[in-house]
Amino acid sequence: MSGVPGWPVAFRGSAAVAAGLVTRDRLRGPRFLRLFPDTYVAAPDTPPADLTLRSHAAYRYVEGRGVLSGYSAAEVLGASCGPRNALPEVTVPHRGQRTPPGLLVRRERLARGEIRNVDGLEVTSPVRTAYDLARRGDLVDRVVAVDALANRHGFAPDLLLHFAGHYPGARGNEGIARVLAHADRRAGSPMESRLRMLIVQGGLPRPEAQWVVQDERSRTAVWLDLAYPERLIGIEYEGAGHADVGAVLRDVGRYTALVDKGWRIYRYTKFDILHRPDRILAQLARALDRARST
């Protein structure tokens, strides 16, 4: 053990120098990257540093004075849901903390039960993190965050109402009910949540999440990301995990079995969701119209 918290991933430079682990000249070299005052990380192989690494550095910067919160807390809690440009975030109970470039500093009250220790990092609890992220930003981003945290940690999104009641004057409380009207802890991934919200905001009926199609003959079941079961319409988000050979082979049999049972399957990628939302809505609207007519 080095005795320097976070070494060599994210650490205080002065502590590492004092412990004899590195010299100031080496800190300024290519092996390390300074993210915040006196706070360094091991230089990533493929810059820039990702949110996980930047969050570790943020914690070391405020260690003893604050905790990770927002998208940083979600990242550490295993419920990654932030946009690509999300800044690391900390919450402190006072106004004395400086805010260097590249760091979000929130100044709010936290009860002791709202803080967890994860591998040596203090972070807001899953429900508190969901409450914080549900109160700010775009509606879709808020729903995505609540879905991800509720799914990963198995809590009912309605628990956020208890926090709103406990902090009646908190900014953003008025938007909690709207988020909960759309949240679904069954969502399997942030992109599935985005696809569901795209469909709903486009004026189509809300599809069921993680719908199970059972085959009694073979005693097997297939889970669809989204579905209109009464219309036999399945909607799938195809992430990178579906691109390897094994997944492709499994998907072939999976979709053939669904088609054989009369299902229409619509498969979409991140590119479709982010750049072709109108095409998704048009295709699903036609599918629903055809199903009604038959």
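Atom set for the values below is all heavy atoms of this structure, side chains included, hydrogens, waters and symmetry mates excluded.
- Under the rule for a side chain to side chain donor-acceptor pair (under 3.5 Å), the partners of E114 that lie at least two apart in sequence or sit in another chain are R128, Y167.
- For R26, the CZ atom is loosely surrounded, since the number of other residues' heavy atoms within 6.0 Å does not exceed 12.
- D38 places a side-chain N or O within donor-acceptor distance of the main-chain N or O of S14, the cut-off being under 3.5 Å.
- Checking side-chain atoms of T99 against main-chain N and O of V105 turns up no donor-acceptor pair under 3.5 Å.
- Of the possible donor and acceptor atoms, none in the side chain of S55 sits under 3.5 Å from a partner among the backbone N and O of L53.
- Side-chain contact check for V92 versus R106: every heavy-atom pair is 4.5 Å or farther apart.
- Ion pairing between D289 and R286 fails under the 4.0 Å rule for side-chain N and carboxylate O.
- The CD atom of E192 sits 10.5 Å away from atom CG of L224, with the distance rounded to the nearest 0.5 Å.
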Q.
Determine whether R116 and E122 satisfy the following criterion, salt bridge (charged side-chain N to carboxylate O under 4.0 Å, His left out), listing intermediate values before the conclusion.
A. CA-CA 6 Å; R116 276 197 185 176; E122 289 203 321; over 6 Å; no
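- Residues meeting the side chain to side chain donor-acceptor pair (under 3.5 Å) test with T52, sequence neighbours left out: E75.
- Note that the CG atom of L161 and the CG atom of L159 stand 8.5 Å from one another [nearest 0.5 Å].
- For the salt bridge (Lys or Arg N to Asp or Glu O under 4.0 Å) criterion with D147, the lone passing option out of R185, R196, R186, R194 is R196.
- Within the 4.5 Å cutoff, the side chain of L21 has heavy atoms near those of the V4 side chain.
- Hydrophobic clustering, with ILVMFWY side chains joined whenever heavy atoms are under 4.5 angstrom apart, groups L195 together with L284.
- Looking at R107 and P93, their side chains never come closer than 4.5 Å, going by heavy atoms from C-beta outward.
- The shortest heavy-atom contact between A209 and D184 is CB-OD2, 3.6 Å.
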Q: Could you go through the side chain to side chain contact (heavy atoms under 4.5 Å, CB included) check for I265 and R267 one step at a time?
A: CA-CA 6 Å; I265 305 299; R267 304 168 69 184; 3.9 Å; yes
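- Within the structure, the salt bridge (Lys or Arg N to Asp or Glu O under 4.0 Å) test picks out no pair touching residues 164-174 (sequence neighbours left out).
- If you take OG on S69 and CG on L104, they are separated by 8.5 Å, rounding to the nearest 0.5 Å.
- Taking CD1 from I235 and CD from Q283, the interatomic distance works out to 10.5 Å, rounded to the nearest 0.5 Å.
- Side-chain atoms of E236 come within 3.5 Å of backbone N or O of D225 as a donor-acceptor pair.
- A side-chain contact (heavy atoms from CB on, under 4.5 Å) with V67 is found for exactly one of L110, V123, V62, namely L110.
- In terms of hydrophobic clustering, with Ile, Leu, Val, Met, Phe, Trp and Tyr side chains grouped at heavy-atom distances under 4.5 Å, W263 and V212 are assigned to different clusters.
- Minimum interatomic distance between A183 and V146 (heavy atoms only, all atoms of both residues): CB-CG1, 4.0 Å.
- Across all their heavy atoms, G70 and R136 have their closest contact at CA-NH2, 3.7 Å.
- Residues Q201 and L139 are in side-chain contact: their nearest non-hydrogen atoms beyond the backbone lie under 4.5 Å apart.
- Note that CZ of R231 is 7.0 Å distant from CG of L288, once rounded to the nearest 0.5 Å.
- Residue pairs meeting the ring pair (Phe, Tyr, Trp, His ring centres under 6.0 Å) criterion with at least one member in residues 35-70, sequence neighbours excluded, are F36-Y61.
- At least one side-chain heavy atom of V22 sits under 4.5 Å from a side-chain heavy atom of W7.
- Side chains of D141 and Y71 form a contact here, defined as non-hydrogen atoms less than 4.5 Å apart.
- L121 is not connected to F11 by any chain of hydrophobic side-chain contacts under 4.5 Å among Ile, Leu, Val, Met, Phe, Trp and Tyr, and they are in different clusters.
- No side-chain heavy atom of V41 sits less than 4.5 Å from a side-chain heavy atom of R60.
- Using the six-membered ring where Trp is involved, F271 and H275 have ring planes that are tilted, between 30° and 60° apart.
- Around CZ of R290, the count of heavy atoms belonging to other residues, nucleotides or ligands within 6.0 Å exceeds 12.
- The only option from D132, T91, T129 that meets the side-chain hydrogen bond (donor to acceptor under 3.5 Å, both in side chains) definition with T124 turns out to be T129.
- V200 and P207 get closest at one heavy-atom pair: CG2-CD, 4.4 Å.
- Checked by atom type and distance alone, the side chain of D272 pairs as donor or acceptor with a backbone atom of T269 at under 3.5 Å.
- Contact check for P5 versus E63: side-chain heavy atoms found under the 4.5 Å cut-off.
- With sequence neighbours excluded, the residues satisfying side chain to side chain donor-acceptor pair (under 3.5 Å) with Y131 are N173.
- Heavy atoms from other residues, nucleotides or ligands lying under 6.0 Å from CG of N117 number more than 12.
- Between P44 and P48, the shortest heavy-atom distance links the atoms CG-C, 4.3 Å.
- Although no hydrogens or angles enter the test, the distance criterion places a donor-acceptor pair under 3.5 Å between the side chain of R142 and the main chain of G137.
- Connection of W223 to M191 is not established within any shared hydrophobic cluster, with ILVMFWY side chains joined at heavy-atom distances below 4.5 Å, either directly or through further cluster members.
- Within the model, atoms CG of L77 and OG of S125 stand 8.0 Å from one another, a figure rounded to the nearest 0.5 Å.
- In terms of hydrophobic clustering, with Ile, Leu, Val, Met, Phe, Trp and Tyr side chains grouped at heavy-atom distances under 4.5 Å, L198 and V144 are assigned to different clusters.
- Applying the 6.0 Å contact sphere to CZ of R292 captures more than 12 heavy atoms from other residues, nucleotides or ligands.
- In this structure, R206 has no side chain to side chain donor-acceptor pair (under 3.5 Å) partners at least two apart in sequence or on a different chain.
- Summarising the geometry of A187 relative to N151, their closest heavy-atom pair is O-ND2, 3.0 Å, with the distance given to 0.1 Å.
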